Amino acid sequence: MTELEPLRNTFIQEIIDADREAGRHGGRVHTRFPPEPNGYLHIGHARAICVDFGLAMLNGGLCNLRFDDTNPSKEGTEYVEAIKEDVRWLGFDWGDREYYASDYFEYLYQCAIKLIKKGKAYVCDLSPEEIREYRGTLTEPGRESPYRNRSVEENLDLFQRMRAGEFPDGSRTLRAKIDMASPNLNMRDPVIYRIQRVRHHRTGDEWCIYPMYDFAHPLSDAIEGITHSLCSLEFEDHRPLYEWFLRELEIEDPPQQIEFARLEITHVVTSKRVLRRLVEEGHVSGWDDPRMPTLAGLRRRGYTPKSIRTFVARAGVSKTNATIDIALLEHCVREDLNATAPRVMAVLNPLRVVITNYPEDLVEEFPVENNPEDPAAGHRMVPFSRVIYIERDDFMEDPPKNYFRLAPGREVRLKGAYYIKCEEVVKDPETGEIVELRCTYDPESRGGTTPDGRKVRGTLHWVSAAHAVEAEVRLYDHLFKTADPLEGGDIIANLNPDSLRVLTGCLLEPSVRQAKVGDRFQFLRHGYFCVDRDSTPERLVFNRTVSLKDTWAKLQKA
RNA sequence: UGGGGGAUGGGGUAACGGUAGCCCGAUUGGCUCUGGACCAAUUAGUGAAGGUUCGAAUCCUUCUCCCCCAGCCA
């Protein structure tokens with residue numbers, strides 16, 4: 001995965017280098033990717049995955065997959081399966097190191113007991129509202145809980161009875177005894193265990209008390225021998241707490257938490273809450289709608305894992321909150337697909353062309369290269385006959401001077417076949433719509449060049465009417481029309497009404513007939529497309545992954 | 001007006017006291033049987049003000065702006 005190489009150029013790598021030089025952690029590098037199984041992974045997670053796994057890989061270390069499943073009310077097995085599939089798809093392997101915070105519940109419980117015995121934790125009877133009141137504010141210190149100075153014995157007894165299920169949900173908590181006057185709110189006696197009678201997806205009804213993230217995370221890292229615990233910026237404030245637990249529990253060779261910025265992209269939203277809303281309100285067809293920034297959506301859209309890794313590496317990793325232009329992501333898929341996707345001719349909006357001087361029943365086959373970027377890809381034979389279809393946009397009755405395509409009296413090249421000249425435009429007498437072009441071909445131009453070497457500026461793609469395969473093509477655009485989906489405060493108002501255009505009756509060259517779900521192609525002069533899972537042999541369905549850069553479109557706009 | 005972070009061309013990201021570089025984008029030109037790709041060039045930057053120094057994006061001082069934190073979420 002050489003595309004991950006730029007990750008060496010990050011402040012995290014510098015820390016790793018310094019650690020190794022100092023001989024810390026015995027020179028080991030061991031990271032973890034710790035998703036909470038409460039939703040689908042999205043492009044934002046891709047950075048975390050690439051950084052966690054990538055940095056381990058780049059440093060000859062290991063990365064664990066650990067499900068942070070300490071809140072059963074939101075989590076479920078369906079998510080763990082989806083997450084595993086997505087991480088694997090992105091190209092990473094955690095070997096047999098698939099862990100769950102819930103595997104450590106007993107150990108965590110014992111750690112809590114230890115804290116109580118040290119006088120560093122206590123059972124608190126305050127209600128959630130009271131805890132909030134006692135916590136103070138950003139500018140005022142908190143007040144100590146009246147239960148703060150219970151004896152070790154009483155705390156031990158109460159905590160054991162919490163576990164035994166003697167108290168109702170929410171009635172008591174176990175809290176770390178730190179400092180209610182700390183300017184860091186996280187240090188104001190944070191709750192480390194709550195009572196919650198919710199069935200856990202792995203431990204079932206074994207527990208009715210569950211540890212909080214701040215408590216479970218450092219200890220899970222410690223158990224797994226993690227050296228560098230990488231997380232996002234909002235946890236910077238939690239680092240003192242992370243370290244407090246490790247210190248109080250006398251963990252040897254403790255892991256260190258290092259924070260970096262989340263990945264934000266223009267025209268994209270990565271909030272789980274918002275993504276869920278889009279799905280639930282039907283603005284998209286599901287979590288894997290090709291417009292969704294989920295890994296499942298990107299996969300269905302046709303993005304390659306490699307292009308996403310490249311994107312993450314090129315975007316870089318820092319502590320600056322930054323929004324990367326979606327153009328970089330699109331550039332990365334184009335770059336990958338340009339090198340690998342077989343070319344195919346597809347007429348999305350067909351215009352019938354009759355070549356009047358071409359024999360009525362003749363069918364010729366022309367070789368067309370599968371990928372000019374890759375000679376090894378070879379070529380295929382494409383059938384040609386008297387009636388063909390070209391793109392409606394490739395003809396203009398009254399063209400501007402910089403239009404190189406077909407127009408009355410003009411000559412163009414049909415890719416790999418012949419030069420044709422437009423002789424007549426046939427219109428529907430009622431509507432005036434152009435229904436057919438009547439052209440002549442130059443037999444001398446067979447294969448795409450003429451002996452006289454005359455230049456033709458335009459080369460069009462085409463399909464033979466008699467051999468064409470019909471397909472549905474779904475054209476996707478950014479889900480949000482504004483670079484910042486939150487602009488103006490109303491996400492829904494910023495939805496791009498043209499984010500999906502479904503084209504039916506598209507005509508493709510016959511070589512695509514065998515295409516299987518997930519196969520990727522470049523439709524010549526259009527963009528990159530892949531076969532959608534809705535596709536059947538009778539009814540092919542393609543998704544546009546990304547368009548080709550279109551300088552003509554740009555010229556038109558100007 | 002508590003605490004924790006952050007500011008380098010249009011968007012990202014390097015440079016760790018010594019030529020501000022790279023990627024994306026944009027623009028221009030070249031090439032082309034994809035108006036793609038490719039090639040070349042251009043564009044444009046150290047948040048502000050002081051200070052230290054032969055020399056400052058980098059060190060010091062002050063200021064400005066932005067992000068995060070008051071879940072029994074992670």
Side-chain angles (χ1 to χ4, degrees), chain A residues 6 9-10 14 34-36 38 68-71 73-75 124 126-128 131-133 135-142 169-175 182-188 190-196 209-210 212-214 216-217 231-240 259 261 266 272 311 313-332 334-335 338-339 343 345 368-369 371-373 402-405 412-417 419 447-449 456-461 483 522-527 547-555:
Chain A
N9 208 242
T10 60
E14 282 181 22
E36 182 186 15
N38 72 342
D68 224 325
D69 55 353
T70 56
N71 184 5
S73 61
K74 297 173 159 187
E75 299 153 4
C124 182
L126 254 26
S127 70
I131 286 186
R132 193 185 332 122
E133 285 167 26
R135 184 153 33 224
T137 67
L138 294 179
T139 51
E140 303 157 28
D169 286 10
S171 62
R172 283 180 228 255
T173 56
L174 182 71
R175 295 227 253 162
S182 171
N184 180 346
L185 305 224
N186 295 121
M187 300 301 271
R188 319 242 259 229
V191 170
I192 60 181
Y193 263 95
R194 74 280 218 189
I195 303 172
Q196 210 180 163
I209 57 172
Y210 292 98
M212 299 287 288
Y213 166 87
D214 283 318
H217 209 88
C231 64
S232 45
L233 248 30
E234 68 267 32
F235 292 101
E236 276 179 313
D237 281 351
H238 296 239
R239 194 183 337 124
E259 312 84 9
T266 61
K272 275 185 192 173
F311 167 69
R314 298 236 261 249
V317 175
S318 72
K319 299 191 66 142
T320 312
N321 288 311
T323 305
I324 285 101
D325 195 328
I326 196 168
L328 178 60
L329 211 212
E330 295 172 341
H331 165 83
C332 292
R334 287 193 185 103
E335 182 180 68
N338 177 48
R343 315 283 128 128
M345 292 196 281
V368 180
E369 69 270 2
N371 187 343
E373 305 294 320
N402 57 354
Y403 186 82
F404 308 142
R405 285 117 92 149
V412 295
R413 171 166 40 230
L414 294 177
K415 174 79 180 175
Y419 293 177
T449 48
V456 259
R457 200 57 207 269
T459 300
L460 311 186
H461 59 276
Q522 182 196 103
F523 287 2
L524 231 56
R525 305 206 296 137
H526 281 301
S547 68
L548 243 30
K549 289 219 273 182
D550 188 348
T551 54
W552 168 241
K554 202 177 293 176
L555 284 176

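Keep in mind that this is a model prediction, so the values were computed, not measured. Heavy atoms only: backbone and side chains are in, while hydrogens, waters and symmetry mates are out. Lettering of chains follows the sequences in order, A, B, ..., and the numbering in each one begins at 1.
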Have A:S73 and A:N71 got a donor and an acceptor in their side chains that come within less than 3.5 Å?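 Yes, A:N71 and A:S73 have a side-chain donor paired with an acceptor closer than 3.5 Å.
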Verify the distance criterion only: is there a donor paired with an acceptor across the side chains of A:N371 and A:E373 at less than 3.5 Å?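 No, because no side-chain N or O of A:N371 sits under 3.5 Å from a partner of the opposite role on A:E373.
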Considering just the side-chain nitrogens and oxygens of [X], establish if one lies under 4.0 Å of OP1 or OP2 belonging to [N].
X      : N     : answer
A:T139 : B:U1  : no
A:R135 : B:C72 : yes
A:S182 : B:G3  : no
A:K319 : B:A7  : no

Gap in Å between the two [atom1] atoms, one belonging to [N] and one to [M], rounded:
N     : M     : atom1 : answer
B:G9  : B:G45 : P     : 9 Å
B:G36 : B:U43 : C1'   : 24 Å
B:G12 : B:C31 : P     : 36 Å
B:G25 : B:G18 : C1'   : 32 Å
B:G47 : B:U64 : C1'   : 7 Å
B:A49 : B:C16 : C1'   : 24 Å
B:A44 : B:G5  : C1'   : 29 Å
B:C24 : B:C67 : P     : 30 Å

Check if the side chain of A:E236 and the base of B:G6 share a donor-acceptor pair of N or O atoms closer than 3.5 Å.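 Such a pair does not exist between side chain and base.
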Measure the distance between the ring centre of A:Y213 and the centre of the six-membered base ring of B:A74, then answer whether it is under 5.5 Å with planes under 30°.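 Stacking between A:Y213 and B:A74: absent.
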Aromatic contact between A:H238 and A:H217, with the criterion being ring centroids under 6.0 Å apart: yes or no?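 Centroid separation for A:H238 and A:H217: 6.0 Å or greater.
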Please tell me whether A:Y403 and A:W552 form a close aromatic pair, meaning their ring centres lie under 6.0 Å apart.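 That pair passes the under 6.0 Å test.
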Looking at B:A26, B:A70, B:G36, which one has an atom nearest to any side-chain atom of A:L138?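 Of B:A26, B:A70, B:G36, B:A70 is nearest to the side chain of A:L138.
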Nearest to side-chain heavy atoms of A:P372, which nucleotide of B:G3, B:G35, B:G36: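 In terms of side-chain proximity for A:P372, the closest of B:G3, B:G35, B:G36 is B:G36.
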Which glycosidic conformation, syn or anti, is assigned to B:G29 if syn requires a torsion within 90° of zero?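 You should classify B:G29 as anti.
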For A:G170 and for A:T266, find the nucleotide of RNA chain B with the closest heavy atom, then tell me which residue's nucleotide is more 5'.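 Result: A:T266.
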Strictly below 4.0 Å, N to O, side chains only: are A:K319 and A:E259 in salt-bridge contact?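 Looking at A:K319 and A:E259, the cut-off is met.
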